[in-house]
Amino acid sequence: MPAATKNIYKKLIKLSFSAMLILCLTACSFSGLLGAKSEVEKLSKTDFVLDTAATVTLYGCGDEQLLERCFELCRQYELIFSRTDERSELYELNAAGSMAVSDELLELITLSRDYAELSGGAFDFTLGGVSVLYGFSSDSPRAPSGGELAAVMEHVGWEKVRIDGNVVTLSDPGAVLDLGAIAKGWIADRVAELLLENGVDSAIINLGGNVLCLGSRPDGENFVVGLQYPFKDMSQTIADIRVSDMSVVTSGVYQRCFEQDGVFYHHILDPGTGLPCGNGLLAVSVVSPRSADCDALSTACFVLGLDDGLELVDSLDGVYAVFVTEDYKLHYSDGFQDALF
Ligand code: ADP
Ligand code: MG
């Protein structure tokens with residue numbers, strides 16, 4: 001790795017909350033564009049939930065109570081999908097190896113399996129044991145030894161998960177499910193539904209950089225979402241895109257990472273080796289109406305790499321992606337520039 005890149009990585013490690021940048025940029029861009037002319041009221045709340053900083057902003061509709069209900073909903077789903085919270089339903093499933101699960105958990109596991117299949121296993125929701133080894137969510141992440149990694153990798157493989165009615169079974173009791181690459185997107189979709197049911201037609205839901213723009217700006221224009229410039233501070237974007245009723249989700253090496261013995265480690269893992277994907281990518285942003293799709297696809301495309309990732313996105317209707325390579329060049333899927341600039 002070139003020395004300059006290494007230095008950038010070092011700086012990056014200090015910026016652990018980079019995932020929330022997209023939202024800030026969204027909000028800033030929005031108020032900037034509306035300017036002093038607009039009288040539209042903006043109601044916004046930020047809280048720490050789903051292991052990240054989340055912000056919901058309502059434009060010209062809704063009230064504080066509704067805003068609070070959005071966060072309650074996130075906490076409710078966190079108690080189902082969290083891999084680390086001992087009170088969660090997923091934690092119980094991982095411990096039990098087989099059980100009847102709630103409709104919500106069944107839906108997210110089924111969708112995860114569909115994305116594992118669609119991506120040829122690049123998206124693998126059984127990497128939980130490997131994430132535990134690295135401790136990306138902990139205060140002291142570390143690189144595991146080759147032996148530790150090999151022992152845990154034996155229990156990785158999405159085909160070890162069987163779904164029969166609402167009973168989910170891990171055919172390998174050592175497998176650990178981790179829905180971290182899709183849950184925030186799925187939850188953002190549920191928050192959007194709650195807002196729609198309550199008459200909100202203009203809002204931005206940002207769950208730690210997992211952004212969903214509901215409707216358009218109150219003045220009818222598209223929202224502007226800034227894509228973070230990898231490793232730079234939140235005021236710098238690598239591209240600004242224009243969207244209405246669309247979600248924008250980024251998987252980036254800079255979102256959770258650390259350095260050990262001069263080696264850079266990040267949280268997007270190669271299901272074949274258990275090592276952080278080192279395929280020349282810094283980030284992949286996916287844009288589509290459903291946030292769950294964006295979340296799953298951003299991770300899947302990152303793992304697939306530039307060529308196969310672009311091919312997957314181009315095969316799907318209404319889905320766009322931009323890949324950022326290590327030379328900071330942008331690579332767009334078909335139609336991206338026409339639809340989103
Ligand atoms: P973020 O969690 O920052 O939103 P992603 O959506 O890309 O980023 O999800 C990365 C998380 O998903 C990791 O922290 C890990 O828990 C899990 N994960 C890592 N590699 C994979 C993979 N290949 N397939 C599915 N999940 C993964
Ligand atoms: Mg994801």
Side-chain angles (χ1 to χ4, degrees), residues 12 15-23 49-54 78 81-84 90 94 108-109 111-138 141 152-153 156-158 161 175-189 206-212 228 230 247-258 265-279 281-288 290-305 308-309 319 321 323:
L12 166 61
L15 298 170
S16 55
F17 274 98
S18 53
M20 63 178 285
L21 297 185
I22 292 179
L23 183 48
V49 67
L50 307 169
D51 201 25
T52 191
E78 190 167 17
F81 303 131
S82 170
R83 173 179 56 77
T84 51
L90 183 67
N94 277 330
L108 198 54
I109 289 177
L111 191 62
S112 297
R113 189 197 51 185
D114 292 348
Y115 272 108
E117 203 168 354
L118 180 74
S119 65
F123 182 94
D124 192 320
F125 59 110
T126 63
L127 279 161
V130 184
S131 290
V132 172
L133 268 188
Y134 284 101
F136 283 109
S137 312
S138 75
V152 168
M153 281 303 291
V156 170
W158 65 274
V161 181
V176 181
L177 303 193
D178 176 1
L179 301 171
I182 189 170
K184 285 202 291 286
W186 189 89
I187 294 168
D189 290 327
N206 182 344
L207 308 182
N210 188 116
V211 175
L212 197 164
Q228 188 192 344
S247 177
V248 185
V249 179
T250 300
S251 286
V253 297
Y254 48 88
Q255 285 167 337
R256 283 180 205 269
C257 56
F258 65 94
Y265 294 89
H266 65 83
H267 71 315
I268 305 165
L269 304 168
D270 179 340
T273 62
L275 296 168
C277 279
N279 55 13
L281 289 176
L282 292 179
V284 178
S285 299
V286 175
V287 185
S288 87
R290 254 194 355 166
S291 201
D293 296 331
C294 293
D295 198 0
L297 283 169
S298 66
T299 309
C301 286
F302 194 105
V303 178
L304 284 170
D308 290 351
V319 180
F323 292 62

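Ligands are counted one by one from 1 in listed order, and the atoms in each one are counted from 1 as well.
Between Asp178 and Arg83, at least one side-chain N (NZ, or NE/NH1/NH2) sits under 4.0 Å from a carboxylate O, which counts as a salt bridge. Residues Arg256 and Asp51 are paired through a salt bridge, judged by an N-O separation under 4.0 Å between the basic side chain and the carboxylate.
Within the 4.0 Å heavy-atom shell around ligand 1 one finds Phe123. Heavy-atom distances between Asn210 and ligand 1 stay at or above 4.0 Å for every pair. For the ligand labelled ligand 1, residue Ala122 lies inside the 4.0 Å heavy-atom shell.
Under the side-chain contact (heavy atoms from CB on, under 4.5 Å) rule, Val152 has a single partner from Leu127, Leu133, Val132, which is Leu133.
Close approach of ligand 1 to Asp295 (heavy-atom distance below 4.0 Å) involves ligand atoms 6 (O). Of all the atoms in ligand 1, the ones that sit under 4.0 Å from a non-hydrogen atom of Lys184 are 1 (P), 2 (O), 4 (O). Near Leu127, meaning under 4.0 Å from one of its heavy atoms, ligand 1 places the atoms 20 (N), 21 (C), 22 (C), 23 (N). Numbered from 1 in the order shown, with element, the atoms of ligand 1 that lie under 4.0 Å from a heavy atom of Asp178 read 15 (C), 16 (O), 17 (C).
Checked by distance only, ligand 1 and Asp124 come closer than 3.5 Å through their nitrogen or oxygen atoms.
How far OH of Tyr115 is from CG of Asp295: 10.0 Å, rounded to the nearest 0.5 Å.
In this structure, Glu117 contributes its side chain and Asp114 its backbone to no donor-acceptor pair below 3.5 Å.
Seen from the Mg ion (ligand 2), atom O of Ala181 and atom OG1 of Thr299 lie 100° apart in angle, a value rounded to 10°.
Comparing Ser251, Ser131, Ser119 against atom 7 (O) of ligand 1, the shortest heavy-atom distance belongs to Ser251.
Between His266 and Phe302, the gap from one ring centroid to the other is short of 6.0 Å. The aromatic ring centroids of Phe81 and Trp186 lie less than 6.0 Å from each other.
Below 30°, between 30° and 60°, or above 60°: for Phe136 and His267 the angle between ring planes is above 60°, a perpendicular geometry.
Contacts of Gln255 with ligand 1, taken as heavy-atom pairs under 4.0 Å, involve the side chain alone. Looking at Arg256 against ligand 1, nothing comes within 4.0 Å, counting heavy atoms.
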